[in-house]
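Inspection log for the structure reproduced underneath, given as structure tokens.
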Amino acid sequence: MSDDNKQDENTLIAERRRKLAALREHGNAFPNDFRRNSLADELQQSYGKHEDEHLREEDVQVKVSGRMMVKRVMGKASFIKLQDRTGQIQLRLERDRLPEGVYQSFKKWDIGDIVGATGSLFKTQTGELTIMATEVRLLTKSLRPLPEKFHGLQDQETRYRRRYVDLIMNEESRSVFRKRSEIIAYIRSFLDSQDYLEVETPMMQTTPGGALARPFKTHHNALDMDLFLRVAPELNLKRLTVGGFERVYEINRNFRNEGVSTRHNPEFTMLELYRAYADYEDLIVMVEALLKGLSQSLLGDPVVTYQGESYDFSKPFDRLTVEDAILKFNPKIDRTKIRDRDYLARVATELGVKVDDSSGSGKLQIEIFDQTGEAELRQPTFVTQYPTEVSPLSRRNDHDPFVTDRFELFIGGREIANGFSELNDPEDQEERFREQAANKAAGDDEAMFFDADYIRALEYGLPPTAGLGVGIDRLVMLITNSPSIRDVLLFPHMRPEIFE
RNA sequence: GGGGCGUUAGCUCAGUGGUAGAGCAUUCGGCUUUUAACCGACUGGUCGAAGGUUCAAAUCCUUCACGCCCCA
């Protein structure tokens, strides 16, 4: 026994340890020679509708295994239920149909133990498909009691910290993570069918880039150098576009050294894709098609219901420029002064936003929008024309260089996606990096680093390209109707548990 | 960082100043078609931690830890 788990030892665990010790005395307590030939749900599908009489005539012999979730002992006969990855199946154990002594041993087994069994199918009086066991074996002794059978595991903290227990007990939780996997599989097939190439680029970078965010820092001992965990794969993916991979994507983790909340985890999963010879309008069309297909495929309906609100993904989404959004949610703002720095600074201050001396009118516009507009955008809405000042990697609009050809998609008051026509003018990019580096030097932790190699790559020529990022966790929240990002992360970030 | 709520048996939860409780689980006994099986008996607690108020604290106060929600 380690010191770590001594703390929560109790009489229930001690009892099970005694049972395990007894098992060890009678041979291998952890055998690995049982092989099943059937899964619970496959049996339900194949035989669930058969009559009892018919099943007995057929004499269907099956071998199953799983975790014992139900145990009802009635003297010389018992019912148990085993849970495997597909579901549950009931077994009937009768003393006189099992080898000598097996039934007596079984009575000592506990809910939570891993069991293998052989037998033939029949149906009980109430019509439940059941296996009449002729052999049962304890395959793994479980030392820790499971939560109470009816309420399951309710405690949020324990559900996150001991996800394995949550998964054993809560089908809804298992379902969320199966759906998460299906969502990602759908996105891959959607992109693969359009000839996108999936790639992997470094998590550890000497120069972090691709987003305005504070990075995590780490250190490589052998090389004695600091490294950063990536905040985005963007610059590497565009290097690949320069290299001729005209359609690339990556679904992987980003790391941002910021607060934790219902919508933020320090590491989160992002889809980023780049498509040469396309612009942000093409991406808007693509995002609409992706979400519609995803919803239809996963939910069987293009309408997603999230926390009591409905979003119809079969219709084109609303569109609004940043400036129109600001005016819509702040009717008192003077339209003619929407790019007036001093005016915006006053408005921002009135809204309680801390105004930085270095913030220009573009940055102030975004802060006002974040403060007043974002949460109000419930129905799917593309907000477009982001200020150049806050979009250092986006292509300027041909008619209005104050803004870029960029959008963000909001659903339910949350940012789900971000896309733009890429800035492929190396001299403009160099200028923007200089501004970012100056902001960083002035104390802005979220400003970008100057990435000289990225400029060099652009100097070889990045074709006209559009790029998109989609927050996978938030998308999974929407599709699975989960209120917190922690509900869609198997192991959400938590402060360490104290083992005394 | 600020505010609100929470932390009691392995689990789910009662208990707002006067002897720590229930159901499930465990243990023992009974029961050969159960469905949160049932019947009987028993067991199980540093009431998140530390300090304080009080004759007396799970309960009131302070600080801290962890979690949840909202705000920044």
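In what follows, chains carry the letters A, B, and so on, assigned in the order in which the sequence lines appear, proteins first and then strands, with residues in each chain numbered from 1. All values below were derived from every heavy atom in this structure, side-chain atoms included, with hydrogens, water molecules and symmetry-related copies excluded.
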- request: Would you check if there is a donor-acceptor pair between the side chains of Arg230(A) and Asn254(A) at a distance under 3.5 Å?
  value: yes
Determine whether a donor-acceptor pair (one donor, one acceptor, N or O, separation below 3.5 Å) exists between the side chain of [X] and the base of [N].
X: Thr11(A); N: U43(B); answer: no
X: Glu128(A); N: U35(B); answer: yes
X: Arg92(A); N: U32(B); answer: yes
X: Gln90(A); N: U34(B); answer: yes

When you measure from the side-chain N and O atoms of [X] to the phosphate of [N], is any distance below 4.0 Å, counting only OP1 and OP2?
X: Gln371(A); N: A72(B); value: yes
X: Lys107(A); N: C28(B); value: no
X: Arg495(A); N: G67(B); value: yes
X: Lys19(A); N: U27(B); value: yes
X: Lys354(A); N: A72(B); value: no
X: Lys71(A); N: U34(B); value: no
X: Arg72(A); N: U34(B); value: no

Atom C1', compared across G51(B) and C70(B): separation rounded to whole Å: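 G51(B) and C70(B) have their C1' atoms separated by 31 Å.
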message: Quick check for you: among U32(B), C68(B), U12(B), whose closest atom lies nearest to any side-chain atom of Arg486(A)?
response: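 Given the options U32(B), C68(B), U12(B), the side chain of Arg486(A) is closest to C68(B).
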message: Measuring from the side chain of Asp110(A) (C-beta onward, heavy atoms only), which nucleotide among C68(B), U27(B), U34(B) has the closest atom?
response: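 Between C68(B), U27(B), U34(B), the one nearest the side chain of Asp110(A) would be U27(B).
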Please name the nucleotide paired to [N] by Watson-Crick or G-U wobble geometry with both distances under 3.5 Å, or report none.
N: C60(B); value: G52(B)
N: U16(B); value: none
N: G1(B); value: C71(B)
N: G40(B); value: C28(B)
N: A65(B); value: U7(B)

Across the strands shown, which category fits [X] at heavy-atom distances under 4.0 angstrom: base, sugar-phosphate, nothing?
X: Thr262(A); result: sugar-phosphate
X: Gly352(A); result: nothing
X: Arg97(A); result: nothing

- request: Could you tell me whether Phe369(A) and Phe410(A) have their ring centroids closer than 6.0 angstrom?
  value: yes
- request: Answer yes if the ring centres of Phe433(A) and Phe449(A) are under 6.0 angstrom apart, and no otherwise.
  value: no
